[in-house]
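What follows is a set of notes on a single structure, which appears directly below.
When a residue number appears, it is its place in the shown sequence, counting from 1. Just so you know, these numbers come straight off a predicted model, no measurement behind them.
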Amino acid sequence: MMLDAQPTPRTDGRSSFPSIAEYAFLSDCETNALVAPSGAIEWMCLPRPDSPSVFSSILDRGAGMFRVGPHGARVPVARRYVPGTLILETTWQTSTGWLVVRDAMVMGPWHNVEERSQTHRRTPTDHDTEHVLLRTVKCVSGTVDLEVVCAPKPDYARGEPEWEYLDDGYSSVVARMGGKNPDLRLSSDLRFGLEGQRAHARTRLEEGQTHFVALAWSSLPAPATWDEALEKMWRTEQFWRDWITQGSFPDHPWRIFLQRSALTLKGLTYAPTGALLAAATTSLPETPGGERNWDYRYAWIRDSTFALWGLYTLGLDREANDFFAFIQDVCQDNKELQIMYGVGGEEELTESELSHLSGYEGASPVRIGNAAYDQRQHDVWGAVLDSVYLHTRNREQLPEALWPVLKCQVEQAAKHWHLPDRGMWEVRGEPQHFTSSKLMCWVALDRGARLARLYDEPDFAAQWQKLADEIHADICAKGVDERGVFTQRYGDDALDASLLLVPLLRFLPPDDERVRATVLAIADELTEEGLVLRYRTEETDDGLRGEEGTFTICSFWLVSALCEIGEIEQARTLCERLLSFASSLNLYAEEIDPHTGRHLGNFPQAFTHLALINAVMHVIRAEEEPTDHRAFRTPRGA
């Protein structure tokens with residue numbers, strides 16, 4: 001199948017692709033979408049976030065989109081989220097008038113009343129997705145020519161839709177998607193024409209006139225009138241505001257970054273199972289035009305547990321219960337915990353390449369699936385144990401059903417801690433004795449011992465604490481260089497940003513000279529223009545060619561670590577700089593080019609937003625309590 005003809009190349013030297021940071025993120029906690037500044041949905045996968053895409057023009061300009069906006073205009077005058085929500089509001093000015101478009105993925109009341117859901121495994125709530133992408137339009141001044149173009153390309157643009165009308169009128173049409181994706185029903189108070197593989201509508205609006213367009217992919221009814229559309233938009237607004245109001249946010253100028261990060265993390269959850277995505281996209285490049293392009297639409301256990309730490313810091317801990325239930329599901333029948341899963345708990349995530357897609361700005365290959373799913377990474381057990389301990393210690397009780405699963409994870413860490421692995425960064429070179437992997441195994445044994453005491457299992461507590469002390473001594477003996485700096489791997493002096501976790505995970509107290517030396521060495525030697533790299537690619541066998549940008553999570557970790565060692569002014573300065581790199585909608589990709597400030601990698605990135613929360617709270621708490629620089633996401637008294 002041939003894709004649509006590519007747009008005529010620009011003559012001004014600018015890319016035909018929007019910058020990664022210019023996309024807006026929509027979600028209903030079951031799927032998500034990215035909206036370009038032009039008003040086009042350029043990325044959306046159905047029915048799940050790791051399903052094949054139906055709009056893919058973020059990866060190839062001819063691979064499908066869904067636009068609502070003024071004819072002849074592509075650059076809006078303003079975009080914002082309705083405060084406290086994931087509802088996008090875009091304001092347009094044309095030569096004849098002003099137009100406001102609102103986009104949302106609709107949330108409504110729980111609808112599986114007569115029969116149980118076939119997808120939901122978690123406890124039902126009061127709310128559920130309606131599987132509708134709703135777009136409302138209002139002309140607020142003058143007159144504006146409105147255009148709607150819906151051009152889906154099923155199965156990562158490998159298929160073609162077949163359009164037909166659903167009744168005798170023009171306002172309801174359906175795209176038959178061939179089975180790889182659910183059929184798409186498009187309804188509106190506009191009149192659609194079917195032109196080849198797209199549905200098209202246009203009209204002239206005068207001041208005060210309104211219209212709506214709804215894209216639905218289930219049997220649930222989409223709005224049929226403007227009043228119904230308005231009601232659904234209001235319900236969605238209330239859902240997000242009710243959720244964010246459960247959190248505790250400081251009265252501080254940085255509050256807006258905390259709230260947007262929390263909403264983004266919530267939007268990256270998959271409500272039916274409790275899984276949490278690493279990011280919404282695949283194959284957005286870590287290096288412009290390079291090969292470091294990965295599929296992040298899956299649930300990494302480490303990323304998910306770290307994200308829960310971020311939400312916990314803000315008092316938003318209900319998502320933790322669902323995620324721990326997800327952990328129980330995937331560990332049934334004494335299965336070993338993998339590093340990552342599909343959002344439904346799928347174990348095999350076979351990696352392949354889509355050669356028919358050009359890639360974002362020509363960066364190839366475009367990958368789906370992720371071959372890292374069967375890697376051995378020893379940090380996963382500690383991430384789970386620390387998260388469970390964090391959420392359990394204040395309640396002073398451990399869920400009965402979770403104990404066998406946790407016990408198994410501690411035993412896995414005890415069995416494997418002395419072996420090499422591929423580390424937190426999933427290098428595709430040879431396994432190494434990564435220091436951060438040993439650190440996370442220590443976390444597994446240390447938190448396991450604490451949980452065993454809470455669960456009244458003193459024999460396990462003593463056994464695990466003894467091994468934790470052994471691992472601690474091994475790391476201090478073999479993972480520190482002659483300068484007293486923790487290194488990436490045993491027997492090598494290379495630095496690694498993951499060692500910023502040493503003080504954050506309470507491996508050593510922040511006033512230990514080795515902690516201070518490590519934090520300052522990373523700040524001085526593992527940075528580009530003041531932003532932190534994961535590692536130097538020339539010093540690390542990661543199995544790939546080319547450079548990469550600075551990892552934003554590592555820079556936020558540095559902020560937190562600087563607070564820990566008492567360097568508050570340096571931490572605040574770096575935090576302010578990092579916040580200045582936020583997109584216009586306060587979203588972050590995985591990396592930032594330190595020379596241009598350009599966002600790189602998949603978007604929006606859960607890892608980045610959780611680290612932002614912890615870093616910002618570290619600085620705010622350091623300002624409020626100058627003698628205590630610790631954010632409360634980490635265990636006290638350790």
Side-chain angles (χ1 to χ4, degrees), residues 9-25 34-38 42-43 57-59 61 74-76 79 257 260-261 264 279-294 296 358-364 366 425 497 522-538 542 544-559 570 572-609 611-612 615-616:
R10 299 181 65 106
T11 58
D12 57 8
R14 294 168 54 196
S15 171
S16 62
F17 291 82
S19 298
I20 291 172
E22 291 182 336
Y23 284 95
F25 172 63
L34 295 188
V35 191
S38 66
E42 295 196 352
W43 180 250
S57 55
I58 194 173
L59 296 175
R61 300 317 281 163
R74 289 294 184 271
V75 181
R79 298 166 86 214
F257 296 100
R260 184 51 48 197
S261 290
T264 302
T281 57
T282 180
S283 300
L284 295 184
E286 297 173 10
T287 305
E291 67 172 354
R292 296 172 183 264
N293 316 319
W294 313 111
Y296 277 15
S358 67
Y360 178 85
E361 292 189 338
S364 63
V366 172
W425 305 126
I522 290 172
D524 292 340
E525 303 168 27
L526 196 60
T527 55
E528 295 286 347
E529 303 293 331
L531 303 184
V532 184
L533 300 164
R534 293 189 299 178
Y535 48 75
R536 297 283 180 186
T537 54
E538 65 271 17
D542 62 8
L544 298 166
R545 300 185 302 272
E547 298 294 320
E548 63 180 19
T550 59
F551 260 59
T552 314
I553 183 176
C554 300
S555 296
F556 279 121
W557 278 348
L558 179 58
V559 171
Q570 188 177 351
R572 182 187 295 110
T573 299
L574 177 56
C575 195
E576 288 175 342
R577 185 170 178 227
L578 290 168
L579 295 179
S580 74
F581 286 123
S583 78
S584 60
L585 296 170
N586 291 334
L587 299 177
Y588 286 85
E590 184 176 25
E591 302 180 18
I592 292 174
D593 184 315
H595 305 288
T596 65
R598 181 182 183 184
H599 288 225
L600 300 168
N602 285 309
F603 181 85
Q605 179 85 1
F607 231 172
T608 306
H609 285 278
L612 179 154
V616 166

From CA spacing to verdict: side chain to side chain contact (heavy atoms under 4.5 Å, CB included), Phe556, Tyr588 = CA-CA 12 Å; Phe556 279 121; Tyr588 286 85; 4.2 Å; yes
Please tell me if the side chains of [X] and [Y] come closer than 4.5 Å, counting only heavy atoms from C-beta onward.
X	Y	result
Leu579	Leu612	yes
Pro288	Leu600	yes
Arg260	Leu585	no
Cys554	Leu533	no

Between CD of Glu590 and CZ of Arg292, what distance do you get to the nearest 0.5 Å?
->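 Here the interatomic distance stands at 11.0 Å.
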Euclidean distance, Leu526 CG relative to Leu531 CG, rounded to 0.5 Å |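 Between Leu531 CG and Leu526 CG, I get 11.5 Å after rounding to 0.5 Å.
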Test of understanding: with side chain to side chain contact (heavy atoms under 4.5 Å, CB included), list the residues that count as partners of [X], not counting sequence neighbours.
X	answer
Thr281	Leu34, Trp43, Leu284, Asn602
Arg74	Ser38, Arg67, Glu147
Ala589	Ile20, His599, Phe603
Ser57	Glu42, Arg61, Met65

Show your working on side chain to side chain contact (heavy atoms under 4.5 Å, CB included) between Val532 and Trp557 and close with a plain yes or no.
-> CA-CA 9 Å; Val532 184; Trp557 278 348; over 6 Å; no
Just jot down the side-chain hydrogen bond (donor to acceptor under 3.5 Å, both in side chains) partners of Thr552, sequence neighbours excluded, or say none.
->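 Residues passing side-chain hydrogen bond (donor to acceptor under 3.5 Å, both in side chains) with Thr552: none at all.
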Okay, side chain of [X], backbone of [Y]: is any donor-acceptor separation there less than 3.5 Å?
X	Y	result
Arg79	Glu22	yes
Ser15	Phe17	yes
Arg598	Ser19	no

Any side chain to side chain donor-acceptor pair (under 3.5 Å) involving residues 572-583? Give me the pairs, sequence neighbours left out, ordered by first then second residue.
->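 Matches after skipping sequence neighbours: Glu569-Arg572, Arg572-Glu623.
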Taking every non-hydrogen atom, the tightest pair across Leu574 and Gly530 |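 Nearest pair, atom of Leu574 first, then Gly530: CD1-O, 3.8 Å.
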